[in-house]
Every structure is written in structure tokens, then in C-alpha cells.
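Contents: one structure, followed by commentary.
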Amino acid sequence: MQLSEQEIVRREALQKIIDMGINPYPAEAFSVNYTSTEIVENYELSENNFQDVHIAGRLMMKRIMGKASFAELQDAHGKIQLYIARDEICPGEDKSLYNDLFKKLLDIGDIIGVKGHAFVTKTGQTSIHVEELKLLSKSLKPLPIVKEKDGEVYDAFTDPELRYRQRYVDLIVNPEVRKVFEMRSKLTNAMRSFMTDSGYLEVETPVLQPIYGGAAARPFTTHHNTLDQKFYLRIANELYLKRLIVGGFDGVFEFAKDFRNEGMSRFHNPEFTMMELYVAYKDIYWMMDYFEEMVEYVAQAVSGSTEIQVGENLINFKRPWKRYTMYGAIKEFTGEDVSTLDEAGMRAVAKKLHVPIEENMGRGKLIDEIFGEKVESLLIQPTFITDYPIEMSPLAKKHRSEEGLVERFEVICNGKELCNAFSELNDPIDQRERFEKQIELGKRGDEEAMVLDEDFLNALEYGMPPTAGIGVGIDRLAMIMLNQNSIQDVLFFPQMRNV
RNA sequence: GAUCGCGUAGCUCAGUUGGCAGAGCAUCUCCCUUUUAAGGAGAGGGUCCUGGGUUCGAGCCCCAGCGCGAUCACCA
């Protein structure tokens, strides 16, 4: 391994620290009694508090001025300035703790613990007057140095490849990145508590599945040695959650890592998080209300408002959201009434609207293309689209009144699909026929056609109550609510090519 | 998978017509007891992504490859 000049210097410093009799990686705990932000935010309010502060974190800046110095300590919550005077951390004759350890051997990035008292400097900055200093962990790699003045950031660590491959560095030096992930956690917590408060059960279902199902996608495959059997990483957990509804639970949900062996883009990572919820004795109209309420609640919890600025758009999650049928939305945005057209008529409309189509597309696919090309990107505010063509929805119940459609809705927001929901198909005969149609599509070369799951049909044959189900793309929801442009910015460790 | 762009010091970036490899921060040495993008004086640090080619001479031009990004394709 080729070491840079700075890395060599740090290894030499490490050895000198050991030579001084100091363990650079001590085993014992360093108990902390305050965090940086607690002190900074509350010092003025409680003048006499914080006189015995134990605080630990990463050394982020040293400003040495001879026999006294300032430094910046960063803990999990923020930064606080340290004031270190030689004669206070070295009250005796031996000044080596200050002159050697602090001034020369401690580097930016080292993890230290200090004891001291809070005070305010001449220039008005709340700081810790250090009385004791202890090295807790020596850092051997130089950190990127990010500077800031008057809210302006200089030399920010921005190379996306380095940021994603070494997210730990990104998190150390880019506080706004930490913030995004803290808010993502808030988001999922808010959803979780909303559903738990409704009385629904959070469950876990298999990631390794002998038959993949619940979505149309190409799977990852793997092999179990003992069983000598092929397994797939799940592309969805839909069919397992429905088995649990058959089993008698009236509401189950799971935050699931799903895996799809497909292209990557700023909206696609090969592994991603989907939240699926199934509630017995409900239909899509109930689910629309429930989802609307949940997202409004989540927006409030995450940002303290139902209005969120996303790029150039101000998105308002306050209920009620606009609702269109798919035909209605096409009519509204293109002026074309396609509801009564046959396949040929649909093809003619697609051509007229300059929607690129292929000869083998059926009526349902044509509708989907027209909607995707001409309507979807125009829907910025959260909008319900209901009543999808049956060909695209093999797990959704037939529409209660419209031939050729199913009871399904999606919510489109910021031009992208946010969720997908059905009144779940619970007729086992119908479900078998839909699977068989998928098998034919598969034989005709559709690599994403669904596979027949005999055990799932077996479960349906025992009887599943009428059920509403929804799948929510958590990464995409996070992108919108946290105003992030790429899925990579809401995943700690986005997939990268191995180097 | 296609097209375009990018890859230079630990980080952020310059690099002219092809002519000695540059800056700021960081690092090292020295000075400095209320600084804060601390300051002052000095110094060191390079596989210019990799491999070929053209040329007297390549960071720069050409070819191939690798990695990243953007857009598209794919993606319920």
C-alpha cells in the first residue's frame, strides 16, 4: 500500500504517542454528560450550568496560538469550540501533554474526550474551557478540510464517487448529509407509528424466495448449498403479506428491502425499500383516504409543514388531493377521450399525440404509454390516478363496474409514481387465469412477466377476505420529502461498481 | 446498453498554441495565551485514471480500456 506523505506523518505520530506511554486506542469508556448542541443552545439560559462538562468527539480544527489554542470538536449533534491553555491541562512542570501531544501529535480527525467548563469568548462564542484532554482514537487518514464563513462553504467535499464509496467521510465533513439521513429515519418512524396506531402489525417475510412474485421485474438469483436449491431475492413481498391476511391478520405491513436486476439511474438502485400494507375488508377508496392521511401526517412530522419545496416546485401534501381516473386524466391533459376506443383506435390516438409505440402493444399497454408520455410528468402536486387497464395489473381485482379495468390507484407526485395500490384480487380462479396470461407473455419473451405461484393460489383457495393493499417506494418518497435529486442521496451506500 | 461530459497533490480546483507540474486549504519546521475560512515566516508533497500511439517533446492530440456523472433506453 502506497502511503501519502500525510499518512506517513500520522503513523509516525502514532508511534510517538505510544512512546509517550499513551494508548492511542484505549479500551475504557469515556462517559459523556452533554452534547455540543445542548451546551451551545442552552448556555445563555442557564448561566451556571455546564461547569463540569465531559464531552467527546472528533477534532475538526486546530488554531494554535503559542501557549493557548482553540479547537473545534464535532460530536453526533454538532460542533463546539474548545479553548485549551497549556498551563491548565499541564499544571506541573511537564508540559508535554500540550506541547507534544496536543500541538504536534493530535491531528484533525482524531477522536478525543475533554473535561472542562463552558464559557463565552470575547467574540461571543460559547466554548469549552478544557481542563483535561484524552485521546480516544487516533486517525491515520487526512480528512477533507471544509471551511465555512458567513454561511458560505469553501472547499466542500463534493466528488460524488468518493462521497458514495466512502460515505463515512461524507457524513463526517458534510453535516447536511447527516441531516438527510436523520430525516429519512424520521419519515419511516412516522409511517411506522401511523400504521401501528391504526392497529396494524409490522411483520417480516422472506427475502430468499423459491418463486419470486408480486411485481413485474427481473430478479437476482442465488443458490442455497444445503438444500441445493435455486432462490431468488424478492422483487416484492406482496404475495407473502397476502398469505398473512389469509391467515387471519386484519392489517399487516413491512418495510422491505426489495431487489430488482435492472438498470440503474437516479431513480433506480438494484436494492431499494418498499413499504407494503394490506388491510382486510377494505378497498382502494378506503386506501386512498388512508394513504392521503398518512402522507400528510408524515410530511408534518418530517418538515413541520404540509408544504415542501422540492427543487423548483412547492409541493403541498395537505388533503384532499386531486383524483382522476386514468381515462379522465388523459382527457384532461390531452383532450382525447379514449375510454370507448378499441385497440386500433387507441393506436391512432397514440400516433396523433406522437407517443412512441410498438406493434405488439395491446390496448392496455397503449393507454399506459399515452398516460406515461403525456400526463405523468405534468402531475407535480400529489394526484390519485385510478382505474388501470387489466392487462397491466394481474394481482388487482376487476373493476366493480368498468369492463377491462381493475381497482387500482397510483399516486403521482413531482412527475413520478409514489405508490401503487389495489383492491386485491381474491378470486382464486381469476387469479389463476391472470397468472396463466402472464406465463404466455413470458413465453413470448417478456422477461418481466410474472411466474405462477401455486402455493399462493393454494392460500387464496382457502379464502382471502376482500383486502386493500398498497406498496410505497420509500426511497422515492424520501427523495421528495427531503428534496434530494438522486436516489443515491437518500441511500447510505448506493450500489457502485466494484473497483 | 447508447450518447455526451469529467478524471491533475489528502480535499477543492487552475493549467494558455503541445515546450521545466501550479494555487488555496491541509501537511512539515519556527513564532504567537481569546482565535474562528486565525495570523506571520519558511519547507516538503504528483502513477496528471490505466495502456498504447503520434511527436524532437504529451496533463493537453489520436486509439483502446477503467471509474464517475448527466441524458436516453430499460424500469408497473
Side-chain angles (χ1 to χ4, degrees), chain A residues 2-10 12-13 60-72 79 81-88 98 103-104 107-109 119-125 127 129 139-166 169 173-174 214-218 235-236 238 260-270 272 274 356 364-365 368-369 371-372 376 385 388-389 391-396 406 408 410 416-417 419-422 447-450 471 473 485-486 488 494 496-499:
Chain A
Q2 191 73 27
L3 294 180
S4 70
E5 183 198 21
Q6 292 191 52
E7 288 172 295
I8 292 165
V9 167
R10 287 193 178 210
E12 288 168 358
M60 295 301 283
M61 191 65 69
K62 287 204 293 182
R63 291 185 281 273
I64 295 173
M65 300 165 304
K67 297 179 190 63
S69 300
F70 288 92
E72 275 169 28
K79 286 183 187 173
Q81 181 171 258
L82 306 178
Y83 174 74
I84 301 169
R86 184 192 70 182
D87 295 336
E88 294 186 56
Y98 180 81
K103 273 173 70 177
K104 292 186 177 165
D107 291 298
I108 288 169
F119 76 110
V120 176
T121 65
K122 273 185 193 168
T123 52
Q125 182 167 359
S127 307
H129 194 127
S139 162
L140 298 180
K141 289 262 187 190
L143 280 177
I145 305 293
V146 181
K147 298 217 171 188
E148 199 190 329
K149 186 186 188 182
D150 303 331
E152 200 157 339
V153 176
Y154 298 79
D155 299 336
F157 179 57
T158 52
D159 181 339
E161 183 171 1
L162 283 175
R163 286 183 49 226
Y164 300 146
R165 285 192 195 277
Q166 302 187 43
V169 177
V173 302
N174 291 326
R218 299 205 317 253
I235 58 173
E238 172 152 354
R260 298 188 183 177
N261 204 340
E262 289 167 350
M264 292 166 65
S265 75
R266 71 190 182 91
F267 293 103
H268 301 85
N269 195 66
F272 63 100
M274 175 98 92
K365 185 74 182 161
D368 195 54
E369 286 296 313
F371 178 80
E376 198 170 53
I385 305 294
Y388 281 66
E391 296 92 319
M392 335 284 309
S393 315
L395 300 169
V406 289
R408 169 177 174 181
E410 292 190 0
K416 281 276 165 186
E417 173 196 341
C419 72
N420 185 15
F422 312 140
E447 286 187 79
E448 290 168 352
M450 286 186 190
N485 203 35
S486 165
Q488 298 174 110
M496 294 289 237
R497 198 181 289 270
N498 216 356
V499 282

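Protein chains get the first letters and strands the later ones, always in sequence-line order, with residue 1 at the start of each.
- Phosphate proximity of B/U35 to A/Arg63: absent, as no side-chain N or O sits under 4.0 Å from OP1 or OP2.
- Taking only side-chain atoms of A/Thr158, from C-beta outward, the nucleotide of B/U35, B/G10, B/C13 with the closest atom is B/C13.
- Remark: A/Arg408 engages A/Glu410 in a salt bridge (charged side-chain N to carboxylate O under 4.0 Å, His left out) (not counting sequence neighbours).
- A/Gln166 meets the side-chain contact (heavy atoms from CB on, under 4.5 Å) test with A/Leu162, A/Tyr168, A/Val169; sequence neighbours excluded.
- Distance, A/Glu12 CD to B/G44 P: 17 Å, rounded to whole Å.
- Residues satisfying the side-chain contact (heavy atoms from CB on, under 4.5 Å) test with A/Glu448, not counting sequence neighbours, are A/Ala216, A/Arg218, A/Glu262, A/Asp446.
- By the side-chain contact (heavy atoms from CB on, under 4.5 Å) test, A/Gln81 pairs with A/Arg63, A/Phe70, A/Thr121, A/Gln125, A/Ser127, sequence neighbours left out.
- For A/Tyr164, there are no ring pair (Phe, Tyr, Trp, His ring centres under 6.0 Å) partners two or more places apart in sequence or in a different chain.
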What are the atom names and distances for every N/O pair under 3.5 Å that joins the protein to nucleotides 4-7 of chain B?
none

Protein and nucleotides 68-70 of chain B: nitrogen or oxygen contacts under 3.5 angstrom:
residue	atom	partner	partner atom	Å
B/C68	OP1	A/Arg165	NH2	3.3
B/C68	OP1	A/Arg497	N	2.9
B/C68	O4'	A/Glu161	OE1	3.0
B/G69	OP1	A/Gln488	OE1	2.6
B/G69	OP1	A/Gln488	NE2	3.3

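- Within 4.0 Å of A/Pro394, counting heavy atoms only, lies at least one base atom of the nucleic acid.
- Distance, A/Glu7 CD to B/C11 P: 10 Å, rounded to whole Å.
- Spacing between atom CE of A/Met60 and atom C1' of B/A38 amounts to 17 Å, rounded to whole angstrom units.
- For A/Arg86, there are no salt bridge (charged side-chain N to carboxylate O under 4.0 Å, His left out) partners two or more places apart in sequence or in a different chain.
- Residue contacts for A/Ala215: at a heavy-atom cut-off of 4.0 Å it reaches no nucleic acid atom on any strand shown.
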Protein-proximity profile, nucleotides 22-34 of chain B, B/S/- by nucleotide at the 4.0 Å heavy-atom cutoff, equals --BSBSS-S-BBB
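- For the side-chain contact (heavy atoms from CB on, under 4.5 Å) test, residues two or more places apart in sequence or in another chain that qualify with A/Pro389 are A/Met326, A/Ile367, A/Glu391, A/Met392.
- Partners of A/Asp107 under the salt bridge (charged side-chain N to carboxylate O under 4.0 Å, His left out) rule, at least two apart in sequence or in another chain, are A/Arg10, A/Lys138.
- Contacts of A/Lys365 classified as salt bridge (charged side-chain N to carboxylate O under 4.0 Å, His left out), with partners at least two apart in sequence or in another chain: A/Glu369.
- Across the interface with RNA chain B, nearest-nucleotide mapping of A/Glu72 and A/Met264 shows A/Glu72 to be the residue nearer the 5′ end.
- For the P atoms, the distance from B/A58 to B/A2 is 32 Å, rounded to whole Å.
- Note on A/Glu152: nothing from the nucleic acid sits closer than 4.0 angstrom, heavy atoms only.
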